[in-house]
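All heavy atoms count here, side chains included; hydrogens, waters and symmetry mates do not. None of the values given here were measured: they were computed from a predicted structure.
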Number of protein chains: 2
Amino acid sequence: MKVAEPTVERLVQYRRLLERLVQEDVSVVSSRDIGDMLGYKASQVRKDLSYFGEIGKRGVGYGVERLLSHVEDILAPPKKWRIGLVGVGRLGEAIIDHRAFLSQDYEIVALFDVSEKKIGKVFLGKPCFSLADMPKKLSELDIDVIMLTVPKEAAQSCVDIATSSGVIRGILNFSPSSISVPEGVIVYSVDISVELEKLLFYLKH
Amino acid sequence: MKVAEPTVERLVQYRRLLERLVQEDVSVVSSRDIGDMLGYKASQVRKDLSYFGEIGKRGVGYGVERLLSHVEDILAPPKKWRIGLVGVGRLGEAIIDHRAFLSQDYEIVALFDVSEKKIGKVFLGKPCFSLADMPKKLSELDIDVIMLTVPKEAAQSCVDIATSSGVIRGILNFSPSSISVPEGVIVYSVDISVELEKLLFYLKH
DNA sequence: AGGTGTGAAATCGTTCACAGCC
DNA sequence: GGCTGTGAACGATTTCACACCT
């Protein structure tokens, strides 16, 4: 099934909200409730949820637990993803430490850096290896995805080294640069300054 | 003039690329060159640039320096924005240290935190104040925008305190939570785990 | 020939409006 | 009466196709 990107983004938000509602012992929500809490139109919420079958009750709403497990199923990965993080700087460490990585769906299993000071050390429980050993380690450790937190000058060469192993299928790029990857590798970027610039642009009307 | 959001995002990328091309003494580029380097269609590049007047030469391309100064003018803010950062954790420090903040267009001028250990200290040249003093300090220091790098539980209350001063016009939210703000305040969010989840979703086709 | 600028067409995503069920 | 599910209308963005300039 083909799902639009904005829908996937909202599904992640629905899951988060529903987890909170389960905690708070809320048993039923309407599309309007969900929309109000997350800043979406009720019709948007209904359309998103309807792509995956009829899950609500007309005249009533959605059962919170039932809907949550439904959304979890949609988002569930085929296996627990194994992630490598390239570039153990301040941003890299902040990400290793991030609460998101308590997820059951993925795990950071190795770090990579060029600095002799970092290679061989352990950061927040994760071992750091040399960039030069990366292709070998990526295969050995069965890593599917890398997150790139290196300076922009290093980004493309790190990508080239990582993709040379042939095991990498996805890259989450935090560096402020466009990278090119082999056919079939998916790249998403999180670019702090681009988001800030967009905000500032609209601030001047 | 009204500019679509995806266009603004690409304009920021064009500026980055053009800055590099100036460094490399490239004097002319075509829309196809730009598109190939950034992963856009040539027609997309031409359309984006044409919104702001005829700047290229038919049969030739765009003069790099001329185009850069044109794009800089489009993105230029009316004044240097003054930014406050709320939450001096690992992620907050990574952002303070980020190369993006060498920009002439904006500057982090103050930090805010609840921790007694951090209040009164200076981090990478930026003074840290108490959350309780935030409304006063935001006015005093003429801060327009805040960046939120607090745990999700604290996000909404920090927003409420910050917007109570009435001087905040924009918020860049790094916390994994939806926040509500008074009419007229613009919010952009950078959510690491949402981007990762989207990537992983498309990895399982 | 080569490359821009741009209306028109195509695509993608959101919102409406209402039939259908609880 | 209230709320879901969904085709149809709408709106936004991308891509095409070609006239026009150098």
Side-chain angles (χ1 to χ4, degrees), chain A residues 1-14 17-18 21 26-71 74 178 188 194 198 201-202, chain B residues 1-14 17-18 21 26-71 74 178 188 194 198 201-202:
Chain A
M1 179 191 295
K2 192 173 142 292
V3 191
E5 215 223 64
T7 299
V8 178
E9 174 145 354
R10 287 188 297 267
L11 284 169
V12 176
Q13 306 287 0
Y14 299 149
L17 175 64
L18 291 165
L21 295 179
V26 177
S27 61
V28 175
V29 269
S30 67
S31 57
R32 166 186 283 260
D33 295 337
I34 296 175
D36 287 348
M37 287 186 276
L38 295 174
Y40 308 136
K41 286 247 161 47
S43 56
Q44 178 76 80
V45 175
R46 291 201 302 278
K47 177 128 291 191
D48 286 338
L49 298 176
S50 74
Y51 293 141
F52 308 95
E54 305 198 4
I55 197 73
K57 279 194 180 40
R58 292 171 193 233
V60 181
Y62 301 89
V64 171
E65 295 204 13
R66 186 162 133 75
L67 182 55
L68 173 57
S69 80
H70 203 247
V71 172
I74 297 162
S178 300
Y188 268 78
V194 170
K198 283 193 288 186
F201 184 84
Y202 286 109
Chain B
M1 180 190 292
K2 192 173 143 293
V3 191
E5 216 224 63
T7 298
V8 178
E9 174 145 357
R10 287 187 299 267
L11 284 170
V12 176
Q13 306 286 0
Y14 299 149
L17 175 63
L18 292 165
L21 295 179
V26 177
S27 61
V28 174
V29 268
S30 68
S31 58
R32 165 186 282 259
D33 296 336
I34 296 175
D36 287 348
M37 287 186 276
L38 294 175
Y40 308 136
K41 286 244 161 48
S43 56
Q44 179 75 83
V45 175
R46 289 201 303 279
K47 177 129 290 192
D48 286 339
L49 297 177
S50 73
Y51 292 141
F52 308 96
E54 306 197 4
I55 196 73
K57 280 194 180 39
R58 294 173 193 230
V60 181
Y62 301 89
V64 171
E65 293 206 13
R66 185 161 133 77
L67 182 55
L68 174 57
S69 81
H70 204 246
V71 172
I74 296 162
S178 301
Y188 270 78
V194 170
K198 283 193 289 186
F201 183 85
Y202 286 109

Search all heavy atoms of M37(A) against all heavy atoms of L21(A) and return the closest pair with its distance.
CE-CD1, 4.2 Å
Going by heavy atoms closer than 4.0 Å, what residues in residues 34-41 of chain A are next to DNA chain D?
none
Heavy-atom nearest pair, Q13(B) first then V194(A), reads NE2-CG2, 3.9 Å
Restricting to non-hydrogen atoms, name the atom on F201(B) and the atom on I74(A) that form the minimum distance, rounded to 0.1 Å.
CE1-O, 3.5 Å
Take the angle between the ring planes of H70(B) and F52(B) and call it parallel below 30°, perpendicular above 60°, tilted in between.
perpendicular
Sidechain-backbone polar pair: Y202(B) side chain, E5(A) backbone, donor-acceptor under 3.5 Å:
yes
For residues 39-47 of chain B, dump all side-chain donor-acceptor pairs below 3.5 Å to protein atoms at least two apart in sequence or in another chain.
unit_1: R46(B); atom_1: NH1; unit_2: S31(B); atom_2: OG; d: 3.2

Whether D36(A) side chain and D33(A) backbone form a donor-acceptor pair below 3.5 Å
no
L18(B) to V64(B) - nearest heavy-atom pair and separation:
O-CG1, 3.9 Å
Which two nucleotides bound the region of DNA chain D that has atoms under 4.0 Å from heavy atoms of chain A, read 5' to 3'?
dG2(D) to dA8(D)
Test of understanding: with side chain to side chain contact (heavy atoms under 4.5 Å, CB included), list the residues that count as partners of T7(B), not counting sequence neighbours.
V3(B), A4(B), R10(B), L11(B), D48(B), Y51(B)
If the condition is salt bridge (charged side-chain N to carboxylate O under 4.0 Å, His left out), which residues does E65(A) pass it with, not counting sequence neighbours?
none
Sugar-phosphate or base contact per nucleotide [nucleotides 3-8 of chain C; S, B, -; heavy atom under 4.0 Å]:
BBBBBB
